[in-house]
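What follows is a short report on a single structure.
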Amino acid sequence: MWLIARRSFAEGWPRLVATLLAAMFSIGLIAGSLQFALRAQEAVSGGDASEYARTDVLVQGGTVDRDDLYATPDGRIRLDRVAGRPGVAAAHGDAMVETTVSGPGGKAILAPAGGRTLLRPWVSDARLSPFRLESGRAPAADGEIAVTRHVARAGGLDPKSDLTVLLPRETRRMRIVGVVSVQGRSAVGGGDLVLAPPETVRAAAGLPAGAWQSVWVKAAPGVPAERLRAGLARDLRRGGNEVTVRAAASLRDAQAADAQSAGASIGGAIGMLASVAVFVGLFVVANTFGTLVRQRTRRLALLAAIGATPRQIKRLIRFEALALGAVGSLGGLVLGYPVSALLTRLFAADGFDISAADAQFGWVALAVPVAAGVLVTQLAAWRAARRAARVSPMQALRTASAGARERRWPRLLGALAVFGCAWLFYGPAIAVAHVEPPGPERTIGISIMLMLGSMVTVAALAVLAPFFVGPLGGLVGRIGMLASGEAGRLARATITRSPRRVSSAASALMLGVALVSATALVMLSAQDRFDEAGRQVMLADHAVAASGKGPSGAAPLPRDVADRVAGVPGVARAAALTQTGVRLVSPRPRRLVAEDPAPFSFSVTGVDQGALPSVLDLGGRLRALAPGEIGLSSAIMKAQRFTPGTRIVVRGAHGRVPLTVAGAYHDPSHLFADQALAAPATMDRLDRNAPTLAVLVKGGDGGALERAVAGVPGAQVLDRAGFVAEAAGSITSGLRVVYGFIGMALVLSLFGMATTVSMSVAERTREFGLLGAIGATMGQLRAIVRWEAATVVLLGTLLGLGSAIGTVALVHVATGSSFLDPVPPWWLPVLVAAGAAAVTFATSAFPARRAADVPVLEAAKAD
């Protein structure tokens with residue numbers, strides 16, 4: 001059998017190349033997904049260096065959110081209350097200010113793996129400092145900074161370079177004087193650090209003289225950290241003072257665990273998307289390998305006639321699959337690295353940068369794709385091998401590749417089993433729909449799960465595709481008889497005689513059409529709705545927004561941008577939109593699921609109440625909010641059963657804040673104030689350094705506004721349509737990665753379809769040669785192929801479009817979102833059908849011409 005397999009490879013390599021390329025591309029997509037997941041895990045867990053590496057005890061002012069390792073304490077602690085106490089060898093004040101840094105070209109430098117960039121004080125005491133200078137010196141004067149090594153590498157910076165630092169309230173130009181590492185790492189677990197003299201950081205954080213958010217403490221020699229922690233907690237809390245005293249070791253352990261958990265979550269998310277690659281790869285390789293086996297029906301029957309057993313024939317097919325899998329896996333492994341680079345760029349465009357992690361060459365990165373490739377090809381060849389073993393010797397005498405009749409119930413059971421697998425995605429989507437409150441995040445999560453489930457459903461339709469070939473082939477054949485006469489009759493006969501061959505090509509086309517149509521339908525409906533609702537809500541003529549991306553969407557602007565544009569001639573109103581996250585403390589949040597332990601959190605948007613009617617037209621009748629009042633979206637009001645006048649307590653960046661619910665409103669665009677609304681004075685109580693997402697401007701000239709913000713890196717002036725598109729893009733940015741996976745899977749599925757069509761035409765070399773021998777012209781032979789291709793187009797387009805529309809309709813029902821319209825524009829089905837026809841006819845034209853030119857004697861001995 002090994003000698004026969006080697007001869008098959010030597011004689012039939014042109015046919016094997018198509019299957020080999022399909023396998024290589026499939027495995028390349030799998031390898032690229034795995035490589036990206038490993039790089040993402042390395043970027044997250046590889047940044048687990050802790051700034052508290054030499055700290056024994058951490059004293060924080062007031063209380064702190066224990067669920068957020070990098071939360072800002074809501075109180076203040078004076079350094080002199082801690083330094084000099086018994087058991088304290090060294091103490092240093094600390095504060096954190098979230099910032100955005102821009103390199104020489106004005107491009108924002110993203111922290112690795114979705115982290116944040118924080119301005120923090122330089123620690124000069126070697127007993128506490130975790131920072132090691134890699135180059136330069138420590139910052140000493142106001143305007144001097146040291147940066148972590150990742151910032152320097154990402155921005156191409158070195159000591160003496162200038163860096164623009166966008167603080168929450170102002171923009172500053174600072175000089176880099178040093179580059180540091182932390183525990184040998186280029187960043188810390190929370191992201192990047194910009195280190196400045198303590199007084200610079202204190203001023204940026206708005207702290208009074210001598211006060212800090214936290215104090216790092218080093219225990220004296222011989223003093224256990226836990227005993228020092230207990231003593232400081234007892235002494236500092238005397239007199240009712242509220243402080244949080246934590247063992248630094250526990251915080252470091254929590255940071256490391258958080259990094260590992262984040263890496264696992266990222267790997268799981270990427271693994272879910274990589275399942276698309278596995279599915280498409282198995283689908284394409286199974287199709288092409290099945291066609292390859294079907295081409296050799298006569299040879300396999302002759303082997304059976306001369307004594308080959310079914311087991312030997314199965315082994316022959318598996319030998320070929322093993323060789324294909326091994327070669328395709330090695331090629332796919334190499335191809336996986338550029339695929340990973342493409343995914344890295346897609347994620348970086350959405351604010352998740354893992355470029356700090358190097359390409360992975362460990363045994364997992366190398367062995368798993370190879371093993372997956374061999375496994376995929378073996379699974380794809382399993383059914384083909386069984387079918388080949390059932391070839392009877394009498395089939396060696398057949399002159400045409402007629403498809404053998406098969407029982408219907410195994411195919412029906414197989415389709416039901418595949419459809420059952422789709423509930424691995426449909427089930428969690430239903431759970432999310434019942435647990436999560438309405439909002440864009442819920443809609444996106446449900447959409448991704450349902451679309452993945454629908455892809456598995458497409459596979460079930462592919463199993464059932466041969467059942468549809470007969471009726472559609474008969475319809476196309478009748479039309480062909482009217483248009484082409486005898487050629488149409490022959491086409492009808494060949495279509496209905498071998499439904500499995502036609503359905504193989506149509507299934508690959510159906511997958512491509514479903515991917516394109518579903519993606520296009522989601523994008524078009526969301527864009528149209530965002531554009532319509534955004535234009536309806538936004539009354540401002542211009543908006544100033546940052547062009548860069550942050551870890552949670554659009555990069556923030558300094559608060560002073562509003563003051564810059566307010567003085568521009570012709571500007572009637574300039575309102576800054578600030579945003580912060582809060583957690584509901586009282587009354588106890590209402591749970592949709594009783595066992596749900598997660599706290600109820602929501603975002604609050606701050607805007608000048610006097611300017612609000614001029615720049616935004618929000619739904620509802622919410623009056624101007626006074627300090628201490630909050631307006632809630634109608635969805636939150638309904639979910640928590642609040643009424644106007646309800647007293648609530650929320651926890652913000654500065655601790656607990658009591659608020660009064662003034663009423664409900666609605667932002668139909670979900671772009672400006674999706675969940676809650678407050679006056680600037682209330683926002684200062686919640687978070688004094690709340691980031692500014694945009695400045696809405698009524699009146700003024702675009703050119704004058706651009707000149708006013710020219711000194712702010714990344715700031716751009718947009719008109720109404722431009723800002724709506726930019727804001728919508730920040731909400732749906734996470735879908736770009738999904739679209740990237742779908743796009744690569746689409747290319748693979750179209751390649752599989754082209755390969756299957758080409759091979760299905762080439763396998764009938766004998767049939768076409770004999771038809772030519774009895775008088776069929778080349779034009780008639782080409783017409784037969786064209787009518788068969790028309791059946792492929794009709795079946796693949798109908799099933800693909802139906803799957804896409806059904807998927808979007810299912811998502812629309814599950815989410816209740818008006819942003820997902822299952823009714824496509826009239827031109828989309830026409831465009832998709834035209835594209836499918838063009839690809840199908842283009843891929844079948846050359847093999848048909850080649851088959852029609854085959855001499856009769858050569859056709860008679862064709863396989």
Side-chain angles (χ1 to χ4, degrees), residues 1-42 267 270-271 273-293 315-344 357-382 384-385 508 740-741 744-745 747-752 754-756 758-759:
M1 283 297 111
W2 172 248
L3 293 176
I4 296 174
R6 189 176 67 176
R7 182 180 178 185
S8 297
F9 267 81
E11 295 179 354
W13 68 265
R15 292 177 295 185
L16 292 171
V17 165
T19 307
L20 178 62
L21 289 175
M24 186 179 70
F25 291 153
S26 305
I27 297 160
L29 193 51
I30 296 171
S33 303
L34 176 63
Q35 177 70 209
F36 179 84
L38 293 174
R39 286 187 67 179
Q41 287 180 314
E42 173 66 19
I270 300 303
L273 292 174
S275 64
V276 177
V278 176
F279 165 71
V280 176
L282 184 61
F283 191 93
V284 170
V285 175
N287 255 355
T288 53
F289 208 90
T291 304
L292 181 65
V293 172
R315 191 179 302 165
L316 170 65
I317 301 301
R318 287 171 183 158
F319 274 154
E320 294 183 356
L322 180 62
L324 278 172
V327 177
S329 295
L330 294 176
L333 184 63
V334 175
L335 184 62
Y337 286 93
V339 170
S340 173
L342 175 60
L343 294 175
T344 300
D358 297 324
Q360 302 296 297
F361 297 97
W363 71 270
V364 174
L366 299 179
V368 171
V370 173
V374 173
L375 179 62
V376 165
T377 50
Q378 286 294 314
L379 289 175
W382 175 75
F741 272 96
M744 289 184 286
V747 172
L748 180 57
S749 66
L750 290 180
F751 176 82
T755 302
T756 305
S758 177
M759 293 174 67

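- In terms of heavy-atom proximity, Q378 sits nearest to R318 at NE2-O, 3.3 Å.
- Taking CZ from F36 and OH from Y337, the interatomic distance works out to 15.0 Å, rounded to the nearest 0.5 Å.
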Using residues 322-335 as the side-chain source, report each donor-acceptor pair under 3.5 Å to any protein atom, sequence neighbours left out, with the distance given to one decimal.
{"from": "S329", "atom 1": "OG", "to": "G325", "atom 2": "O", "distance (Å)": "2.5"}
{"from": "S329", "atom 1": "OG", "to": "V370", "atom 2": "O", "distance (Å)": "3.2"}

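- Under the 3.5 Å distance criterion, the side-chain polar atoms of T344 are matched with a main-chain donor or acceptor of S340.
- Here the side chain of Q35 pairs no donor or acceptor atom with the backbone of A365 at under 3.5 angstrom.
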